[in-house]
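Below, read A as the first sequence line, B as the second, and so on, with proteins coming before strands; counting in each chain starts at 1. Keep in mind the model is a prediction, meaning the values are calculated, not measured.
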Protein chains: 2
Amino acid sequence: MASSNNKRTRIQGINRGIILDAALEVFSTYGFRGSTIDQIAEKAGMSKPNLLYYFPRKEDIYVTVLENTLEDWLTPFRDIDPDGDPIEELRKYTVHKMKLSALRPESSRLFANEILHGAPAIQEFLKTNLKRLVDEKAGVIKLWISQGKLAPVDPYHLIFMIWATTQHYADFDVQVRAVLPEETTNGDFFDDAADSILNILLNGIRPRHNV
Amino acid sequence: MASSNNKRTRIQGINRGIILDAALEVFSTYGFRGSTIDQIAEKAGMSKPNLLYYFPRKEDIYVTVLENTLEDWLTPFRDIDPDGDPIEELRKYTVHKMKLSALRPESSRLFANEILHGAPAIQEFLKTNLKRLVDEKAGVIKLWISQGKLAPVDPYHLIFMIWATTQHYADFDVQVRAVLPEETTNGDFFDDAADSILNILLNGIRPRHNV
DNA sequence: AAAAAACTTGACTGAATGGTCAAAATGTAG
DNA sequence: CTACATTTTGACCATTCAGTCAAGTTTTTT
């Protein structure tokens with residue numbers, strides 16, 4: 001389990017980490033309103049007032065967990081390298097995001113839930129930080145297109161398509177598993193999924209020399 | 001507003017419809033736990049006990065609304081025609097789903113929320129009805145591929161990709177609008193989005209005669 | 001136009017839950 | 001080892017909210 005600390009004492013560092021790990025699990029499963037402080041406290045192995053000693057309000061826990069997840073989610077996007085080979089960079093990014101969906105579905109779900117309900121806690125972040133970053137990467141994609149290294153596609157919608165598809169496997173996991181043939185949901189299922197969608201996606205954006 | 005009725009008296013038909021319309025709005029915005037019966041009753045313009053006269057428990061309202069939405073969501077999928085042109089059929093389906101995302105984002109969000117939280121109310125439906133339907137359509141796509149009318153792609157993941165991408169525009173609307181350049185989120189925004197993703201998707205699955 | 005059936009609601013109730021508080025327990029610094 | 005700061009918790013409080021109930025109002029039936 002990932003932990004995060006940054007504050008004062010030794011005990012505070014430990015306990016904040018424990019609380020945030022527990023909170024991620026609970027919030028991502030039941031949503032903000034659907035989760036109770038008692039639930040988180042129990043999962044964290046401490047009393048409710050003790051938990052409230054570290055995070056005075058339920059919302060404080062939620063916002064902190066959310067901020068932590070946001071970083072996981074953005075790092076691979078930042079890593080898209082303008083100087084790399086376009087197809088290879090987008091392949092790497094997609095694979096990375098699929099890995100995250102497999103490894104940390106809770107983060108993805110927490111985030112999805114927040115957006116789904118209108119992003120009350122992070123709307124500002126979306127409009128400033130995220131927008132800035134997306135604009136930047138859209139610019140990179142546009143450049144690649146103008147260099148003939150990518151088919152002429154809308155960069156923003158391409159980005160959305162990658163986000164939507166990769167996160168689908170974390171957020172809609174229950175549905176995916178309910179629908180997919182039994183034998184395909186084992187072991188390297190996420191790798192297979194990544195291959196399949198890359199097969200479609202990359203052929204969809206490869207420069208079109210024919211016709 | 002869409003209404004549904006099927007029960008006894010005239011008044012019951014009317015009021016159940018009003019309640020379900022109100023409930024869809026409330027549930028899709030705040031989720032099941034986040035919504036209160038009072039909220040729904042107020043939006044429906046009646047007292048809480050009156051509402052409970054029609055639907056004895058909160059869950060009854062929720063399940064009914066969910067069942068209704070499920071149909072909207074499946075109809076265009078059923079309509080994919082095995083005898084049509086594959087590219088054209090999948091184009092039509094994708095456009096149809098994008099239209100639904102634009103017109104009835106609440107339905108999409110209600111559904112997304114349900115799945116996100118583990119589909120407590122419709123897991124059985126997913127494993128039986130939905131699975132059956134998806135298997136059938138996957139079979140159609142496989143046939144198309146074997147006839148050389150489509151590139152060899154995994155039919156299940158292709159379906160997921162279309163679902164994920166189209167629903168993204170309803171479910172993640174806040175994020176999409178926060179990130180997209182101001183001038184592109186007006187008027188025929190959803191049409192533009194549909195064009196963009198079809199541009200990528202259809203080229204990704206068109207039979208590959210070159211190389 | 002009665003009588004019966006269907007509908008509506010104000011006033012409750014009980015359980016769940018976010019948050020407080022004061023006192024006890026534990027850890028830490030000198 | 002002692003004084004001080006930090007951490008921990010049982011008991012509590014106030015609010016919210018799903019659901020009840022009994023008494024009234026309206027609609028339908030005859």
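- The distance between atom NZ of K58(B) and atom P of dC17(D), rounded to the nearest whole Å, is 9 Å.
- Projected onto DNA chain D by closest heavy-atom contact, I11(B) and P56(B) fall at different nucleotides, the more 5' of which corresponds to P56(B).
- Rounded to whole Å, atom C1' of dG10(C) lies 13 Å from atom CG of D38(B).
- Residue R57(A) places no side-chain N or O under 4.0 Å from the OP1 or OP2 atom of dG18(C).
- In terms of modelled atom types and a separation under 3.5 Å, the side chain of E89(B) and the main chain of D81(B) share a donor-acceptor contact.
- Backbone-only contact: Y54(B) has heavy atoms under 4.0 Å from sugar-phosphate atoms and none from a base.
- Proximity note for P49(B) (side chain, C-beta onward) versus dC21(D), dT8(D), dA18(D): the nearest is dC21(D).
- Taking atom NZ of residue K48(B) and atom P of nucleotide dA18(D), one finds them 6 Å apart after rounding to whole Å.
- Here the P atom of nucleotide dG10(D) and the CD atom of E42(A) are 13 Å apart, to the nearest Å.
- Residue T36(B) is in sugar-phosphate contact alone, with no base atom involved, counting any heavy-atom pair closer than 4.0 Å across all strands shown.
- A sub-4.0 Å separation between OP1 or OP2 of dG27(C) and a side-chain N or O of T9(A) is absent.
- Atom OH in Y62(B) sits roughly 17 Å away from atom C1' in dA18(D) (whole-Å rounding).
- The backbone N or O of R57(B) lies less than 3.5 Å from a partner atom in the side chain of D60(B), making a donor-acceptor pair.
- The two residues F160(A) and L180(B) make their nearest non-hydrogen contact at CE1-CD1, 3.5 Å.
- Between W163(B) and F77(B), the distance from one ring center to the other falls under 6.0 angstrom.
- Residue I18(A) contributes atom CD1, which lies 13 Å from atom P of dT7(D) at whole-angstrom precision.
- One finds no side-chain N or O of N50(A) lying less than 4.0 angstrom from the OP1 or OP2 phosphate oxygen of dT7(D).
- A salt bridge is absent between D171(B) and R109(B); no separation between the charged side-chain nitrogens and carboxylate oxygens falls under 4.0 Å.
- The separation between E59(B) atom CD and dG19(D) atom P is 9 Å, rounded to whole Å.
- If you measure from atom CZ of F32(A) to atom P of dT17(C), you get 13 Å, rounded to the nearest angstrom.
- Contact between the side-chain N/O atoms of Y53(B) and the OP1/OP2 oxygens of dT8(C) is not found at any separation under 4.0 Å.
- A perpendicular orientation is assigned to the rings of F27(A) and Y62(A), their planes being inclined by more than 60° (bins at 30° and 60°).
- Under 4.0 angstrom from either OP1 or OP2 of dA16(C) there lies no side-chain N or O belonging to R33(A).
- Between N15(A) and dT8(D), a side-chain N or O to OP1/OP2 separation shorter than 4.0 Å is present.
- At least one side-chain nitrogen or oxygen of Q12(A) sits closer than 4.0 Å to the OP1 or OP2 atom of dT7(D).
- Counting any heavy atom pair closer than 4.0 Å across all strands shown, I37(B) reaches sugar-phosphate atoms only and no base atom.
- Closest contact between the side chain of R10(B) and the listed nucleotides dT28(D), dA11(D), dG18(C) involves dT28(D).
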